[in-house]
Amino acid sequence: MGRQRGQPEVRLPGRVRALGLLLGRQFRRDPWVSVLLALVILVVSLLATAWPRMVLDMNTRQVPYVLSDLSELRRDVAATASVWAVPPLADESRVPGSGAEGWSLLADNLEELRAEQPEPLRSVLQPGGVYAELLRPLPTAPAPVGAAFGGLQLTLRVDPELPEQVDLVRGEWPEAMVNRDSLGGRSLLGVPASEELPSGDFELIQVALLDEAAQQLNWQVGDTWGAVLLTGTYQPRDPEDPRWGHAGNSASLGTISSQGSKIATAAGYLAPDSTAAVDTVPAELRVRAFLPLDATELRGDQVDEVLRQLQQLGSAQSVLLAEGEVGPVNQGVVVTLDTEALATLQGLLEQQQTTASVLAVLAAGPVGVTLAVLLLGARLIQARRASSVGLAVARGASSRQVHTVLGVEGMLIGVPASLVGYLAAGLMLPAQGVAVRDVAVVAVAGLTPATALLVTAGRGTVREVRRDLRSRTGSRWRAVVEVGLFALTGLAVWRLMTRGLVGVETEPEADGGEVGAATEALGGSSAGGSGGSVVQEAAGVDLLMAATPLLVALAACVITMRLYPLLVRMLLALVRRGRGIAGFLGVAGALRNPAAGVLPALSVILGVAVAVSSAILASTVIAGASAAVWETAGAQVRVSGPTMGLDERRALREVDGVAEVATAREIDRQTALSDGISADGVRVVVIDEEMQEVSADAGPLPALPPELFEVRQPAPVLTIGSLTEAEGTAHLRSFGSVEVVGHRATLPGVRTRGSTVVMSISNWESVRSNVSSGNAALVSLTGDVPADEVTDALASSVPTALVETPQLQEEEFRAAPVTSGLLAAFLLMVVVGSVLAALAILLAHHLDSRARARMLSVLRTLGMAPRQGRGLTAWELGPLVGIAMVVGAVTGALVSWVLVRTVDLTGLTGGAAQPELAVDGTLLALVLGAVAVTMVATITVSAILAARSDLAQQLRIGDEG
C-alpha cells in the first residue's frame, strides 16, 4: 500500500538510514553467520544464568537431606538445666494451679528468645517447648500383672503444653498434689511397686500415660503401681512432632534388655503443681528447653550464616527465668542453647567448598572454549564483512563509521540473544527476584559480540588476502608471552601442590558419640551439645584452583602449536608417497594454515580436557565413596545398638546365612605406652577372634594381620590413628608387655579416636578379665541366603539395633542431591565442552571457506571428484583435531591428578581419608568415544559443506560489492 494522501512522510536521518540499509544488506547476504553467533550468545547466557542457580539448588536440597538423618536430640537447639522445685504449700500466698502459670512463663520466654534471633536463624528455628522431669527416678519394679515385660522404669515428667499436644483417650488429667509428708517422712518415690502401701491419709502420685503404653503394660485407669495412680491416658495428635524426640518414651514405649529380660521404660506426666509434692525434700528437676531446627526453607548459600548465628547463640547464656521472677522454681533458669547439628552444618560447608572448587575447575574449560568461540565468530563476521567494509572505506567511510556499523551489528546479535537465554534460564530454574549477578551476566553476554567485533575489526579490503602466505618468522613478543605463560603455569601448579589439601578444618568430635547413640536408642533424653568445637570457613570459589587448569591448558596449547608443524611435516612425508592427491593437498593446506591458529586448538584441548577430567573425577568420587562406606561398615553387615552382649550376639549367630559375628569393645580410654614407645592418652580396644574371618570377607578392605590373633607374650597389638611411628615392643600401663605387629589409619567398622591399640580378646583375658559389652557387631555372610533376607532377619533378631550394609549406604550416597547433582554437572560439562569445541572447529574452518571453495572449484574443473574434495577438507582439519584431542586427554588426566592432591574430596566421599585417583576404563572410553564421534561428525559436516560449492559462482570474476 502506498502512503495515504495527507499523511506526513516519516524520514529517518540520512546516517541512520544508511546504517540500517548497510546492516540489512550484510545480514541478507550472509545471515547464517549472525544467527550462529546469536545462538552461541543465547547458550552462553542460558548456561551462565542457570549454572549458579543449579549449584544453589543442589546445595539447598542437600541441607534438609543431611539434617533429616539426625535425630531430634542431635538436630534441634536445646538445653538442660537442673533446678529445685518450690513445694506448693511452702508459701501461703500460692495456691494449687499457680505452678502451671510458671511453666507457661518459661515457654513464653523461650519463644521470645527465638523471636529475637536474626534472620535466617529465626525462620530456621521453630516454636519449641519446655518440660521438666524429676531427677530422682522411681525404683525399677515388676511391671503390672499381665504385662509382657519383666519390669517397668517410670519417669515422672511435667509438660504444661501437654493438653494442647495430645488428646485424652480415657480417664482424666492428673490433679495437683499438696500433701507430701504423710508416710512418716518416707518419700513416695521410695515405695516400690511390689510393696503394699501402708494405711493412712496420703495422696498417690497421679500420672497420665500414653494410651498404647498403658495397654502394653496392662495398666488400667484407676489402678495403682506402687504409689503411682494412673488417672488417664492420652494419644499424641502429631506423632511426628519433634517434641516427642526430646521427651523420650512419651509417644512410644521404650524397652531395654537387662539380664535376659525386657524392661519397659515409660513417661508419666504429673500435674504441673505436683513436681515438689512427690518427695520429702524439695524436688530436683531437670528442665529441658528445645527449639526444633527446620532447614526445609534454608538456602544453600545461607548455611555459613546460620552456622555463625548458631555459634553465637551457643556462646552466650540465655535467661528463661530471671532471679526473683514468679515461676515454678525458687531460682532463675539460665541455659546455654546448643545443637549437635553444628558439626553437620560445618560438614555441609566443607562439602560446598569442595563442590565449588571442583565445579569452578570444570567450568573454567567451557568458559575458555566459549571465549574462543566468540572470538572466532567475531573474526568470521569480520571476514565475511571485509569486502563490504572495504568498499565503504574506499568510498570515503571513516574508521569511526566502520566501527559503528560493526558495533551496532554486534549489539543487535548479542543483546536479544542474551535476553532470550536469561528468560529461558528463568523458565528452567526460577529465581527469587532479579539479582545483580544476573543483570551483569546478561549485560556482559549481550555486549560480547560487539566487543569482539570491535577488537577484531580492521579497515577492510576489497581484495582477498591469503593468510597462508604470511611470513613464518618468529615473533619476539610471542616468545616472551609464551615464556611468561609457562612461568605463570609452573608457579600456579607449584603453589597448589605445596599448600596441601584445601577444605574446611574441624576439630575432632568430642567423646560420647556412642553414648548419645545409645541414649537415643533407649528413647531417653540428653543435653544438647555441639560435639566439639568447629572452625568456620564459608564456601566459595578458589580462584587459584579455578585458574590453574586453564593455565595448564593454555601451556599445552602453546606446546601443541609449536610441535604441530613438525608433526604435520612428518604426516606430509607419509601421504606424499601415496597416489591420492586429496590427502597431499589437505595436509599441505593444514601445514600452511592450521585452521585459524591457536583458538580452535585451544577449544579442542579444553573440551577434551574437561571431558576427561570430569570422567576421572566422577570415578574418583564414586570409588572414594565406596571405600568410605566399607571403611565405616567394616563388614558385609554392621549391627549397632545400645548394647551387643552375649544374648544379642547369640541371636545374630542363629540367623540363617550368617557366617561369623565379631565385636570390638573399648576397654580403656586413658592409659599410656612406655619402654620403647612413649604415648599418653592411649585407648585400648579388644576384638573377638572371629574378627579375622569377618575382616577377610569385608570386600575391598585389607584383612587384619594373622599374627594379631596369636596368643603369646608380649601380646601382639595393632596401632591405630596417631601412633604412626610406633613399632617394636613396649609396656602398656593397663596390661603389660606388648609388641606392635602393624599400623592402620582406622579400624574398619569401629569408632576409634586419637591414639589406639587393638589386641585380641584372648590376649587381654590372659592378663585381665574386665571385658564389657560393645555396642556394635560386625557380621560376615555365607552367601547361601540372599543378603536382603539376611539383613531383615538380623533386624528382627535384635529389634533395638540398626542394621547397615555397604550396598545400602552406597545407594544412599548416590541418591544424595549433591552427589546426583555433581554427577549431572560432570555429564553437562562433557556435553557442553564437546559441543563448543565442535562449534569452534566449524567456525574456524569457515574462516577460509571462500578461498577453499574457489580452490575446490578449480580442482573439480580439472577433474577432481566430489569425494576427493570432501577428503581434502577432512585432511585439512584432521591433523589439528587429532593432535589437540591427544593433548587434551593428557591435560585432563594431569588436571585430575592435581585436583585430587590439592582439593579435599572427603566432603564428597564421606570418608576420613583423601581418596586415591581412580580411573574407570569403561567410563573413560565412553567419554573419549563420544568426544571422538563429535569431532568426526564435525569434520564430516565441514567437508560436506565445503564440497557443495557452486562451480559457476566461485569461478565468476567480478566485484562482490
Side-chain angles (χ1 to χ4, degrees), residues 55 58-59 61-70 300 343-344 346-359 361-362 501-504 506 539 613-638 640 698-702 744-751 778 787 791 802-830 896-897 899-924 926-927:
V55 175
M58 177 183 68
N59 291 332
R61 289 185 291 111
Q62 183 71 7
V63 175
Y65 181 85
V66 172
L67 290 178
S68 63
D69 289 339
L70 301 178
T344 302
Q346 193 73 21
L348 279 172
L349 276 184
E350 179 182 2
Q351 192 176 72
Q352 290 181 6
Q353 176 83 21
T354 304
T355 304
S357 298
V358 172
L359 292 180
V361 170
L362 295 180
L501 295 177
V502 176
V504 179
T506 59
S613 58
S614 297
I616 295 179
L617 286 176
S619 303
T620 300
V621 171
I622 292 174
S626 178
V629 298
W630 275 100
E631 191 76 22
T632 302
Q636 292 174 300
V637 182
R638 187 177 191 271
S640 57
L701 296 176
R744 299 286 174 84
T746 59
L747 183 61
V750 181
R751 308 293 187 263
L778 306 184
T791 54
L802 174 65
V803 180
E804 300 172 295
T805 64
Q807 291 76 17
L808 291 177
Q809 291 180 350
E810 284 192 55
E811 292 178 3
E812 293 178 0
F813 166 78
R814 293 175 183 268
V818 69
T819 306
S820 58
L822 193 60
L823 294 178
F826 287 157
L827 178 60
L828 180 61
M829 287 297 97
V830 172
S896 302
W897 181 81
L899 280 178
V900 172
R901 279 156 180 78
T902 55
V903 178
D904 188 357
L905 298 177
T906 56
L908 297 178
T909 62
Q914 179 75 351
E916 296 292 333
L917 188 69
V919 179
D920 187 338
T922 303
L923 177 61
L924 186 59
L926 289 175
V927 170

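Remember, it's a predicted structure, so these values are computed and weren't measured experimentally.
A635 approaches W630 most closely through the heavy-atom pair O-CZ3, 3.6 Å. Of all heavy-atom pairs spanning A698 and G634, the tightest one is CB-O, 3.6 Å. Minimum interatomic distance between T632 and R638 (heavy atoms only, all atoms of both residues): O-CD, 3.7 Å. Across all their heavy atoms, P817 and R61 have their closest contact at CB-NH1, 3.3 Å. For the residue pair S614 and M829, the shortest heavy atom distance occurs at OG-CB, 3.9 Å. Taking all atoms of both residues into account, the shortest heavy-atom contact from L617 to S896 is CG-OG, 4.5 Å.
A donor-acceptor pair is defined here as one N or O able to donate and one able to accept, closer than 3.5 Å; such a pair exists between the side chain of Q352 and the backbone of G300.
Every residue two or more places apart in sequence or in another chain was checked for a side-chain contact (heavy atoms from CB on, under 4.5 Å) with D69, and none qualifies. When the side-chain contact (heavy atoms from CB on, under 4.5 Å) test is applied to A918, the partners found at least two apart in sequence or on another chain are T620, A623. Under the side-chain contact (heavy atoms from CB on, under 4.5 Å) criterion, T906 pairs with E350, D904, T909, Q914, not counting sequence neighbours. For T746, the side chain to side chain donor-acceptor pair (under 3.5 Å) partners two or more places apart in sequence, or in a different chain, are E631. Take V803 and apply the side-chain contact (heavy atoms from CB on, under 4.5 Å) test, not counting sequence neighbours, and it matches V637, V639, T791, L794, A795.
Interatomic distance, CD of Q62 versus CG of L822, reported as 10.5 Å (0.5 Å rounding). Distance check, rounded to the nearest 0.5 Å: CD of Q351 to CE of M58 gives 8.0 Å. Atom CG of L823 and atom CG of L827 lie 9.0 Å apart (nearest 0.5 Å).
In this structure, the side chains of I616 and D920 stay at 4.5 Å or more apart for every pair of heavy atoms.
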Audit row: V358, F826, side-chain contact (heavy atoms from CB on, under 4.5 Å) steps and yes/no
CA-CA 10 Å; V358 172; F826 287 157; 3.9 Å; yes

Could you go through V919 and S619, starting from their C-alpha distance and side-chain angles, then the distance that decides it, and tell me whether this counts as side-chain contact (heavy atoms from CB on, under 4.5 Å)?
CA-CA 6 Å; V919 179; S619 303; 5.8 Å; no

Distance-only check: which donor-acceptor pairs under 3.5 Å involve side-chain atoms of residues 807-814, not counting sequence neighbours?
{"residue": "Q809", "atom": "NE2", "partner": "E804", "partner atom": "OE2", "Å": "3.4"}
{"residue": "E810", "atom": "OE2", "partner": "S626", "partner atom": "OG", "Å": "3.3"}

